[in-house]
Every structure is written in C-alpha cells, then in structure tokens.
Student: 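Pasting a structure below so you can have a look.
Note on naming: letters A, B, ... go to the chains in the order of the sequence lines (proteins, then strands), and numbering restarts at 1 for each one.
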Amino acid sequence: MTRTFPEEIRTRLQHALGAADVDLPSRFVPAVSPTNDPRFGDYQSNAAMILGKQLGTNPRALAEKILAVFDPEKLCDPPEIAGPGFINFRIQSALLNERLFGLLTHDSLGVSTVADPQTIVIDFSAPNVAKPMHVGHIRSTFIGDALARIARFLGHTVISDNHIGDWGKQFGMILYGWRNFLDESAFEKDPIGALVALYKRVNSLAKEDQAVNTACKEELVKLQQGDPGNIEIWERVIVLTRSGLDKIYGPLDIHFDHWLGESAYNARLAALTEELMESGTATESEGAICVFFPDDPALADKPPCIVRKQDGGFGYAATDIATIEHRVHEFKADEIWYVVGAPQQLHFDQVFAVARKRGLDSALVFIPFGSILGDDRKMLRTREGEPPQLGDLIEEAVERARQIVEEKNPGLPSDEKDTIAKTVGIGAVKYAELSQHRMTDYIFSWDKMLSMQGNTAPYLQNAYVRIRSIFRKLEGEADFGERAELEDENEKKLALKLLQFSEAVPEVLVDHRPNSLANYLYELADTFHGFYESCPVLRAEGVTRDTRLTLSEITSRVLCQGLDLLGIEVPDRM
RNA sequence: GCGCCCUUAGCUCAGUUGGAUAGAGCAACGGACUUCUAAUCCGUAGGUCACAGGUUCAAAUCCUGUAGGGCGUGCCA
C-alpha cells in the first residue's frame, strides 16, 4: 500500500518533531495540504505556526529546528520556510516519474483501500409509490449512488437499499381513489399515469372535504391491519410502480441491493410499539404513542417522536425505527447512511435517539442536502404545481446531446450517435447535481441541468475522447516504454494531479460530498487540456513520447474511473 | 415565538474545515481550427466574501449582534 504524498510528508514531519524534541500538545497531527500557488512548491504545512503559537515560540525558528532534522530523502527537495512560517515541500522529479509510471500497473490508480472496512447500508432515492420521480428526487438518487460507488471502491461493504414510500398516508388516498374512481381503461393504457391522476384527484378532494380525508386514513389503517381487499390492491400497485421506476433507474445505471420499503416492516410495528411502551421509552400522550426526550438537550423542548398515531396508524417514525433494527441485526450494518433532504433533520435526530435508547449502536449518519426550488424560490413539491418529471429531463438531455453530436460529428454511425447522446446527456444531468455542494439550495433550471459547456460532464468526457483519439491513431499496441521522465512544467503539473487521485477519492467520505471528487476531476481535465495544447504526444520521440503516452493513458483511466465513481460513463468518440 | 440552514463577480457556483495575492463556469470583449476532436484553448474585464463588532501572527471560514431569504416546529413522508 503506497502512501499519498501528504501522508508521507506528515509521517516524516512527525518523525522530525520527535527528533527535534519539540514539546507536542497531545494528539497533535501536523496538517499538510496542497499549495494554491506553484511558487510555494507542491505541498505546505502550517505546523510550525500552530505549534509556535501554542508553545509561545517563534514559528520560523521552530520551522528551522524541525527542518534541521527533517529527512527529505527520496521524497522531496529540501523544504523551504516561507512567509510567517509555512514549510513548503516540492516532490522530487524522480519520485514523480516513478510513481506516475507505477500507476500503469496499478488497478485502482493509486487509491488505497481503507484499513478498516465497514459494512455500510446506504438509504437513498426512496421515491413514493404511485408518484412519478420528478426533479426533486435527483439529489438523493445521484448523491446516494455516487457515495455507494465510492465507498465500495474504497473497500467498504456497501448495501444499497431503496426504502420506497409504499405504505404511508398517500397510500390511503390511492386506496380510496381505487375503490371510488378507478378508470379501468385509462389504467390499462398508462398504469403509472392513471395512478398519479388518481392520487391527485383524491389529494385535492381530501384537502377540501374532511370526510374524504378521514376515509383515506381509514383505508390506510385497514391496509395496515391486513384487510385482504386492500392488500390485493396494494400488491398490484407495488408491481406497477416498481416497473415504472425500473424504466428510470435502468438508463441511469442505478441499482439497489434491496427494495425494502416501508411496508416491509409492517408486521413488526405493533410489537415494536409494545416493546417501546414496556421499556418505558414511549408513553401515551393525547391518544398517540410518543417518545419524549427530556434528557436530550437538543430534543427536550421539541415535539415528541410519534410512533403510533391517534387513529391507530403508524407514522414513518415507527417504520424507520424498525428499519434501523433490521439493518443492524440482519445486515450487520456498522454504519447506516441516510441521504435525505435537510428538512428532515429533526425526524432523524429523533429516530436515531430512539434507536440508541434501544441499544442499537451502529453509526447512524444523516447526510442532508439542500432543496431544489421552483421559480418562486420555494421548495418544489408535488402537492402544489407540477415539477418537471425526471424521465422528461433525461429525455430532453439525451435529445440535446444528440443534436450536438449530429452537428459536431455527422459522420458517425447513427446507433453510435444514439449511444453517445445517452452517455453525454445523462452524464450532464448527473454532473450538474454532483458538482455542486450538497447543502446548496438551487433553483431548478433546464438550461443549467442540460448545459454541455464549461464545467460539465461533457467537458470531462471530451478530455477522455481526445485521449482515446490519440491512441486510435497509434499503429498497433501502445508502448509506454520502461520509465517516465517529466520535463515540461505542464507534464509535471499533470503528473502531480494524477497522483492526487489517491487523495481526492477518500476525501469524499470525510464529509460525504461527491462534489469534492467532481472538483478534482474538473481540475484534472483542465490540467490535461493545458498539457494537450502545449505537449504534442504523437509527434514527440523517445522517452518524451513514452512519458506523454503514459500521462495520456493514466489521465484517461483516472477520468474514466473517477466519472464512474460519480455514476457517469465515457464515450470513445463524441 | 423558538430551532436549523443560507447570503462570495452581472448570473450560477467552488473555496481542501483558520493560511500566503478569494477561484471557476456562464454572459461580455479580443485572439487561436490545412495540426493528437474547437463540447476546446489563450487573453481582457468583472469583488467592501450581506452588514457591524470581536477572537489572533493570520478570518469568506470561528464567536456575538443586525438585516434579508429558505426550511422545520404533535399525529404527511
């Protein structure tokens, strides 16, 4: 297992600190980060400044003391002290050469698997039954899928679970609608559409008419209590919904290990509630079974967690608690990640608190994201208005990409153009989401989601395509020679960037933010384009050519692998 | 009312968790295709990091307050 450059530098700094007999605060770890200006070398550490402050000594003097015993052998040039006390490191060319060339035979492109693999259940996407996926589902679906891919790549055991909303109050509405207004003919033509129409009709009716609202709740309670007629309807609706969802997930290349929706835990809810009562965790309040948190300062003055409602029905707190139990006991989850919108913070704080009271000690991680807003700057909701559907968005993306391919590369076979259009269009939509910080709210915009210029997936795909084009022009098998020798500044910059893939991937899981990987890939493509402009590959000779071929090959592999971790594919031509 | 989150270039957003002169993309302007794919590249212009204090060698980043916005706040999920 090869250490990354920052890890190596950090280790040697720690050695030096020990050798220099510096009186370290407990658990002090020197920070090492890439520089933002090449004049300062490749990496920098502010350790001397931090320590200088804590120990009351001059930072630059301390830095000199550290560097007097720092061992740069086979790693970097002798480090320099700069500014108020930064220590700057420049990686040795020989080491860059060696590591770069080594990447050719390294399957995971320099990325080490984690030392302590965990079993991680990731809960994402979770659409509702009988409602089509719309643009509001983009975030959970794409972010969750990317996190699953990245965690797997790093060596964790990942179990993805689509916890679909197949049991809630909206289902009562479907049942009510099914029993009262089902239009069989419309249903045969377009099952999903008919279900949606049904839902909408009942929803608006229930808003105005309290009796309808109550009737819906009653249908739900009947279902939850096992009424055979309602069960039968429910089963049919699930099958239909599942097939509708598969049509969306398929082209997006998103797959789940399990589809354990809310309904999967129905049989457990009554007993769970009783256990909660018996253990004193839950109490009755205003006719509902609730958990209060008097000992938790953050939750004490908040409304209670409602496990069972007045009408006897179970809310999603009950199913979520049962779900955690299942994941801990059956899946042996060390961690459970919830990729869910930020507004549900309180709900998960409560549910996690209940789980802990029940002795479930797996790490429960809420991974929130900001809202997608409509033109009015309000959250997109299905209840009012009509947010664009995910299927339509994808279709439009593919169409726009198809037009551009037609324009740029009319000579390609038609079926290849189709494939390219899918790869590019879907990539653009995914990247638009994943390149953004997950907590940022944004106003949904077709043009933004479908942009194909600048910092977009097609930009990264284009860099890959240019490289594949180089190799297509090579006669026969590519020969990368026996070593790399970096001369030009653009080559060195690119080599360093490529070697930093090993830093960028693990970085994502520090804060569960795929956008940090997207940023890295954009910078890589940008660096590559600089290299591409000033360093001809095929016209070069000897070791220069070998080196440039190596740089190109590794760049294409990192782009392909990196994009794959975001769930984005690359075409060979575009 | 209370709680959480947000405010960075005309627009959309990054900003490696406190580091050196705050960066990209769009849009604007000026250049580069008989060359390994121009979905590209190079250059110009664009900033009181909402505002006011504070913490320190160092603040877009941490603390306090103010303004504006979003979300949540007992039986939807």
Student: Among the candidates B/U40, B/U73, B/C76, find the nucleotide nearest to the side-chain atoms of A/Lys217.
Tutor: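 From the listed options, B/C76 comes nearest.
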Student: Report the distance from atom CG of A/Leu434 to atom C1' of B/C13, rounded to the nearest whole Å.
Tutor: 15 Å
Student: Please determine, for B/G1, whether a Watson-Crick or G-U wobble partner exists with both distances under 3.5 Å, and give it or none.
Tutor: B/U73
Student: Any chance you could list the contact pattern along nucleotides 14-26 of chain B? Use B for base contacts, S for sugar-phosphate-only contacts and - for none, protein heavy atoms under 4.0 Å, 5' to 3'.
Tutor: SSBB-BBB--SSS
Student: Which part of the nucleic acid, if any, lies within reach of A/Cys535 when heavy atoms closer than 4.0 Å are counted: base, sugar-phosphate only, or nothing?
Tutor: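 Base: the residue A/Cys535, judged by heavy atoms under 4.0 Å, touches a nucleobase.
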Student: Taking the nucleotide of RNA chain B with the nearest heavy atom to each, does A/Arg472 or A/Gly165 sit closer to the 5' end?
Tutor: A/Arg472
Student: According to the Watson-Crick and G-U wobble definitions, with both distances under 3.5 Å, which nucleotide is paired to B/A38?
Tutor: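 Paired with no nucleotide.
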Student: Do the ring centers of A/Phe142 and A/Phe369 come within less than 6.0 Å of each other?
Tutor: no
Student: Do we see a donor-acceptor contact under 3.5 Å between the side chains of A/Tyr431 and A/Asn455?
Tutor: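 Their side chains do contain a donor-acceptor pair, which is all the 3.5 Å distance test asks for.
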Student: Side chain of A/Lys309 only, heavy atoms from C-beta on: which candidate in B/C76, B/A38, B/A39 is closest?
Tutor: B/C76
Student: For A/Met449 and B/C13, what is the distance between atoms CE and C1' respectively, to the nearest whole Å?
Tutor: 14 Å
Student: Syn or anti for B/U17, with syn set at within 90° of 0?
Tutor: syn
Student: Does A/Lys378 make a side-chain N or O approach to OP1 or OP2 of B/G70 shorter than 4.0 Å?
Tutor: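 True: A/Lys378 side-chain N/O within range (under 4.0 Å) of B/G70 OP1/OP2.
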Student: A quick test of your reading: do over 12 heavy atoms of other residues, nucleotides or ligands sit less than 6.0 Å from NZ of A/Lys302?
Tutor: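 Correct, the count exceeds 12.
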Student: Applying the Watson-Crick and G-U wobble criteria at under 3.5 Å, what pairs with B/C49? Answer none if nothing qualifies.
Tutor: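 Across all strands, not a single nucleotide pairs with B/C49.
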Student: Base, sugar-phosphate or nothing for A/Ala288? Non-hydrogen atoms, less than 4.0 Å.
Tutor: base
Student: Whole angstrom is fine here: how far is it from CD1 in A/Ile306 over to P in B/C76?
Tutor: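 Those two atoms, CD1 and P, are 8 Å apart.
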Student: How many angstroms lie between atom CG of A/Asp123 and atom CD1 of A/Ile324, to the nearest 0.5 angstrom?
Tutor: 9.5 Å
Student: Considering only side-chain heavy atoms of A/Cys290, which listed nucleotide, B/G70, B/U40, B/G74, is closest?
Tutor: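 The answer is B/G74, which lies nearest to the side chain.
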Student: Scan A/Cys305 against the nucleic acid and name what it touches under 4.0 Å (heavy atoms): base, sugar-phosphate only, or nothing.
Tutor: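 A/Cys305: no heavy atom of the nucleic acid under 4.0 Å.
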Student: Please state the P separation for the pair B/U48 and B/G10 - nearest whole angstrom.
Tutor: 8 Å
Student: Taking the chi torsion of B/C26, is it syn (within 90° of 0) or anti (everything else)?
Tutor: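 In terms of base orientation relative to the sugar, B/C26 is anti.
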Student: Output yes when A/Arg557 and A/Glu553 qualify as a salt bridge under the 4.0 Å nitrogen-oxygen rule, no when they do not.
Tutor: yes
Student: When we call it a touch if two heavy atoms are under 4.0 Å apart, what does A/Pro536 touch: a base, just sugar-phosphate, or nothing?
Tutor: base
Student: Of all the choices, B/A39, B/C41, B/U35, which nucleotide is nearest to the side chain of A/Tyr459 once you look at every atom?
Tutor: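 Output: B/C41.
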Student: So, A/Lys222 and A/Glu218, do they make that salt bridge, N to O below 4.0 Å?
Tutor: no
Student: If you find the nucleotide of RNA chain B closest to A/Phe314 and the one closest to A/Asp301, which residue's nucleotide is nearer the 5' end?
Tutor: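 Result: A/Asp301.
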Student: Would you compute the distance between atom CD1 of A/Ile467 and atom OG1 of A/Thr555 and round it to the nearest 0.5 angstrom?
Tutor: 5.0 Å
Student: Just say parallel, tilted or perpendicular for the rings of A/Phe444 and A/Trp446, cut-offs at 30° and 60°.
Tutor: perpendicular
Student: Looking at A/Lys302, does any N or O in its side chain come under 4.0 Å of the phosphate oxygens OP1/OP2 on B/U73?
Tutor: no
Student: What integer number of Å spans the C1' atoms of B/A27 and B/C13?
Tutor: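 Those two atoms are separated by 14 Å.
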Student: Distance check, rounded to the nearest 0.5 Å: A/Ile404 atom CD1 versus A/Ile420 atom CD1?
Tutor: 12.5 Å
Student: If you look at every strand shown and take non-hydrogen atoms under 4.0 Å, does A/Glu523 touch a base, only sugar-phosphate, or nothing?
Tutor: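 Nothing, no heavy atom under 4.0 Å.
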Student: C1' atom, B/G25 versus B/U40: distance in rounded Å?
Tutor: 14 Å
Student: Sticking with atom C1', work out how far B/U8 lies from B/G23, rounded to a whole angstrom.
Tutor: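 Those two atoms are separated by 10 Å.
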Student: Does B/C62 pair with anything, Watson-Crick or G-U wobble, both distances under 3.5 Å, and if so, with which nucleotide?
Tutor: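 The base-pairing partner of B/C62, which may sit in any strand shown, is B/G54.
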Student: Rounded to the nearest angstrom, tell me the gap between atom CZ in A/Phe369 and atom C1' in B/C4.
Tutor: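 Interatomic distance, CZ of A/Phe369 to C1' of B/C4: 16 Å.
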Student: Examine B/A39: is either OP1 or OP2 under 4.0 Å from a nitrogen or oxygen in the side chain of A/Arg466? Give yes or no.
Tutor: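 No, no such contact exists.
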Student: Round to a whole Å and report the spacing from CG of A/Asp441 to P of B/G69.
Tutor: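 So the two atoms are 15 Å apart, to the nearest Å.
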Student: Rounding to an integer number of angstrom, what distance separates B/C4 and B/C11 when you compare their C1' atoms?
Tutor: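 Here B/C4 and B/C11 have their C1' atoms 28 Å from each other.
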Student: For the C1' atoms, the ones on B/U35 and on B/G15, what distance do you get once it is rounded to whole angstrom?
Tutor: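 Here B/U35 and B/G15 have their C1' atoms 37 Å from each other.
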Student: Using whole Å, report how far CD of A/Gln350 lies from P of B/U73.
Tutor: 10 Å
Student: Please classify the nucleic acid contact of A/Gly315 as base, sugar-phosphate, or nothing, using heavy-atom distances under 4.0 Å.
Tutor: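 It contacts sugar-phosphate atoms only.
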Student: Roughly how far, to the nearest 0.5 Å, is the CG atom of A/Leu499 from the CD1 atom of A/Ile91?
Tutor: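 Answer for the CD1-CG pair, A/Ile91 versus A/Leu499, is 9.0 Å.
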Student: Given atom CD of A/Gln345 and atom P of B/G70, what is their separation to the nearest angstrom?
Tutor: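 For the pair A/Gln345 CD and B/G70 P, the rounded distance is 20 Å.
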Student: Using the P atom as the reference point in each nucleotide, state the distance between B/G70 and B/C49 in Å, no decimals.
Tutor: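 Rounded to whole Å, the distance is 25 Å.
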Student: Under a 3.5 Å cut-off for both distances, is B/G10 Watson-Crick or wobble paired, and to whom?
Tutor: B/C26
Student: Mind calculating the distance between CD1 (A/Ile372) and P (B/C6) to the nearest angstrom?
Tutor: 18 Å
Student: A/His529 and A/Tyr459: side-chain donor and acceptor closer than 3.5 Å?
Tutor: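 Side-chain D/A pair, A/His529 to A/Tyr459: present.
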Student: When the P atoms of B/G19 and B/C63 are considered, how many whole Å apart are they?
Tutor: 15 Å
Student: Considering every strand shown, what is the Watson-Crick or G-U wobble mate of B/U16 when both distances are under 3.5 Å?
Tutor: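 Matched B/U16 with nothing under the 3.5 Å cut-off.
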